Protein chains: 2
Amino acid sequence: MSAPDSSEPNRRLKMADIASMVGVSTSTVSRALAGNPVIPQALRERIEGIARENGYVVNQQARGLRMQRTHVINVAIPLGHESGQLISDPFFLEMIGRLADEITARGYELLLSKVAAPEAGWLERMARSQRVDGVLVIGQSDQHEALNATAEWYEPLVVWGGAAEGARYCTVGVDNFAGGRMATEHLLALGRRRIAFLGPPQAPEVALRYEGYREALAAAGVAYDPTLTATTHFTLSDPTEGVRRLIDEGASFDAVFAASDLIGLESVRVLAAEGLDVPDTVSVVGFDDIALARQSVPALTTIRQNLAEGAARMVDLLFRRMAGEPAPSAMMQPSLIVRQT
Amino acid sequence: MSAPDSSEPNRRLKMADIASMVGVSTSTVSRALAGNPVIPQALRERIEGIARENGYVVNQQARGLRMQRTHVINVAIPLGHESGQLISDPFFLEMIGRLADEITARGYELLLSKVAAPEAGWLERMARSQRVDGVLVIGQSDQHEALNATAEWYEPLVVWGGAAEGARYCTVGVDNFAGGRMATEHLLALGRRRIAFLGPPQAPEVALRYEGYREALAAAGVAYDPTLTATTHFTLSDPTEGVRRLIDEGASFDAVFAASDLIGLESVRVLAAEGLDVPDTVSVVGFDDIALARQSVPALTTIRQNLAEGAARMVDLLFRRMAGEPAPSAMMQPSLIVRQT
DNA sequence: ACTGATTGCGCAATCGATTGCAAGAAAATT
DNA sequence: AATTTTCTTGCAATCGATTGCGCAATCAGT
């Protein structure tokens with residue numbers, strides 16, 4: 001008995017419904033809603049008005065099928081060598097947030113795929129499903145080969161990570177080698193000589209940081225000691241064990257270069273718990289400059305990656321590639337942020 | 001001059017291509033790939049084989065249009081009262097990760113929408129675009145009305161948050177009122193009497209925590225002092241000011257109940273920087289139990305929300321609603337985790 | 001060998017939009 | 001008034017899959 005609402009959403013409206021309400025064909029409605037100038041302004045406004053009043057929204061499936069584009073970007077996070085299921089590193093959150101801003105600003109949507117245990121062909125399926133117009137991969141993980149294989153024929157693909165050897169895919173990232181060198185040089189300048197390295201070296205970006213570390217050691221004439229390298233994942237519990245292992249094995253070290261801030265922060269915590277004072281006894285440098293690095297006590301010295309710029313670059317390159325222009329990889333300079341550790 | 005690869009992906013394959021390669025109609029290919037038993041096993045395997053060899057992947061746009069479902073779930077994060085653009089709270093990352101697991105496990109994809117400055121009708125557009133089969137909203141923010149309006153006619157909608165008064169939408173969350181009470185009772189049990197509250201009370205879930213706080217005070221016969229309430233956002237820089245403001249205004253307090261761990265951790269840091277010892281002079285309790293709460297020094301006492309369970313519940317309810325079954329809101333019990341603050 | 005049941009597979013309609021082409025109406029020109 | 005030009009607007013094909021219906025081939029039963 002209630003008066004019929006202006007919007008009575010019993011059934012999903014299609015363009016034909018709007019067309020018959022206005023008394024025109026779907027062609028006209030389609031053109032009007034697309035802002036095509038061949039439709040006179042008066043009529044266009046009438047159509048827009050009726051569409052709005054009835055809460056009509058274009059069916060994106062149909063539109064996508066006809067137009068051969070979806071206005072969706074796939075953001076994939078491969079977790080190849082991460083044992084745990086969870087992404088616990090805030091680095092990802094900031095990156096996702098920045099990418100979301102950039103993608104939304106261009107009128108696109110973001111399809112997030114967490115690729116927990118990469119099966120063969122995951123990236124190829126992603127590229128061929130035609131569900132998305134482009135793919136961004138955050139971190140190479142151990143998927144270097146898969147990336148190369150797909151990049152061979154799929155243009156709109158941009159990867160955040162290191163410029164791995166033999167990579168034929170487009171990467172955006174900071175100069176990880178330089179970052180590793182800067183971190184190590186900083187520790188050397190503090191007088192540290194026994195510098196440990198903590199991180200997952202299977203990931204190309206970490207491998208480059210590691211090379212920078214060894215390069216800096218060599219340049220300073222400090223002998224490289226393999227027992228000071230501990231392999232850990234990016235997850236939260238793993239670095240704990242990594243640091244403990246170093247201590248338990250009796251390795252004597254006076255500094256830690258951690259492959260990520262999360263690993264760095266955890267190292268600081270474990271060292272403190274073991275009675276090793278940071279920074280008096282042991283210095284620590286992280287990588288990323290996540291928000292928590294600044295906030296923690298003591299504040300973590302780290303190598304900063306500018307994610308705002310990085311995300312903007314990735315999206316910029318991706319859209320160029322989607323437009324058919326070839327876009328080259330980009331490398332940005334990291335910077336050393338000296339804090340208390 | 002290179003030998004033609006087994007997969008020559010010059011052009012995107014459609015089902016008709018596979019059909020002509022096998023020598024059958026698209027109907028048969030479609031049925032075979034869908035595992036329809038009317039297709040004899042031998043033929044089905046031949047079709048599957050050829051499809052695989054040629055890297056054929058079903059066009060999801062076309063499939064979605066025909067089937068009237070997309071196999072995509074929209075996860076929306078409204079940031080109504082967050083001044084900053086960024087989601088910096090790790091709570092979101094863990095939640096997104098858990099939801100991604102649940103959604104992927106059911107063969108669906110996750111479309112992530114960061115709704116930075118909610119415009120009128122954002123949720124309605126989301127629901128009507130037919131780009132997704134259901135919508136999950138993480139946190140009510142200040143969008144209570146929008147949620148109510150859309151829930152009126154759109155079934156597959158589940159919200160993470162508090163059971164706000166007059167909410168006609170389906171919510172999943174912990175009992176925020178009980179959580180607020182538990183936190184406050186814990187502080188009272190420690191002998192604290194001047195307990196400050198920090199958080200954004202516009203969000204319904206925070207409002208409930210606040211009510212629990214006041215309820216506990218009243219039950220203990222401790223006078224409520226409005227000058228001990230400071231409004232802050234969930235971002236990282238804002239709590240800093242919130243705490244400083246309390247101190248600067250000369251409010252004397254011996255405990256802080258923070259509406260989130262991020263606010264709690266920041267409070268600890270600021271208090272320490274101001275020379276107020278935690279926990280000797282001031283006790284702090286947070287909310288969420290993010291990974292960092294355990295890891296920080298001193299480790300943060302907090303009210304734990306079980307996000308793994310919460311995410312599973314949300315997705316479970318959403319899929320029930322997508323199937324047309326009415327599914328009621330769910331409330332889980334939080335638990336007090338006593339640590340060092 | 002003939003009828004009826006069963007199985008295997010293709011035809012063609014359908015999902016909801018977009019757009020090239022062209023027809024009819026209106027305006028401008030001669 | 002007749003013709004040309006310009007505006008509007010609709011017809012119908014198209015994007016790539018799914019599926020109800022029905023025809024032909026195979027098989028079983030007598």
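Chain identifiers are assigned alphabetically (A, B, ...) following the order of the sequence lines, protein sequences preceding nucleic acid strands; residue numbering begins at 1 within each chain. The model shown is predicted, which means the values in this text are computed figures rather than measured ones.
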Is it true that A:R98 and A:E102 make a salt bridge, defined as a side-chain N closer than 4.0 Å to a carboxylate O? no
In whole angstroms, the gap separating P of C:dA17 from CZ of B:R131 amounts to 13 Å
Output the rounded distance in Å from CD1 (A:I18) to P (D:dG10). 15 Å
With nearest nucleotides of DNA chain C determined for B:P37 and B:M67 from heavy-atom distances, which residue corresponds to the more 5′ nucleotide? B:P37
Phosphate oxygens OP1/OP2 of C:dG10: is one of them under 4.0 Å from a side-chain N or O of B:S27? no
Do the ring planes of B:H144 and B:Y169 sit parallel (below 30°), tilted (30 to 60°) or perpendicular (above 60°)? perpendicular
Please report the distance, rounded to the nearest Å, between CZ in B:R128 and P in C:dA17. 13 Å
According to the interplanar angle, ranging from 0 to 90°, do the rings of B:F91 and B:W160 count as parallel (below 30°), tilted (30 to 60°) or perpendicular (above 60°)? tilted
B:A127 and A:R12 have their tightest heavy-atom pair at O-NH1, 3.6 Å
Looking at A:R31, I'd like to know whether one of its side-chain N or O atoms comes within less than 4.0 Å of OP1 or OP2 on C:dT18. no
Nearest-Å distance for atom pair CG/C1', residues B:N59 and C:dG16: 14 Å
What is the nucleic acid contact for B:L43, judged by heavy atoms within less than 4.0 Å: base, sugar-phosphate only, or nothing? sugar-phosphate
Gap between atoms CZ and P, on B:R66 and D:dT19 respectively (whole Å): 6 Å
Does B:T28 place a side-chain N or O at less than 4.0 Å from the phosphate oxygens OP1/OP2 of C:dC9? no
Specify the separation, in whole Å, of atom NZ of A:K14 and atom P of C:dT14. 10 Å
Rounded to whole Å, please give me the gap between CZ in A:R69 and P in C:dT19. 11 Å
Would you indicate, yes or no, if D:dG16 has its OP1 or OP2 atom less than 4.0 angstrom from a side-chain nitrogen or oxygen of A:Q68? yes
First encountered from the 5' end of DNA chain C, between B:V24 and B:L65: B:V24
Please state whether the phosphate of C:dG16, meaning OP1 or OP2, lies under 4.0 angstrom from any side-chain nitrogen or oxygen of A:Y56. no
For atom CD1 of B:I39 and atom P of D:dT18, their distance in whole Å: 12 Å
Between CD1 of A:I47 and OG1 of A:T28, what distance do you get to the nearest 0.5 Å? 6.0 Å
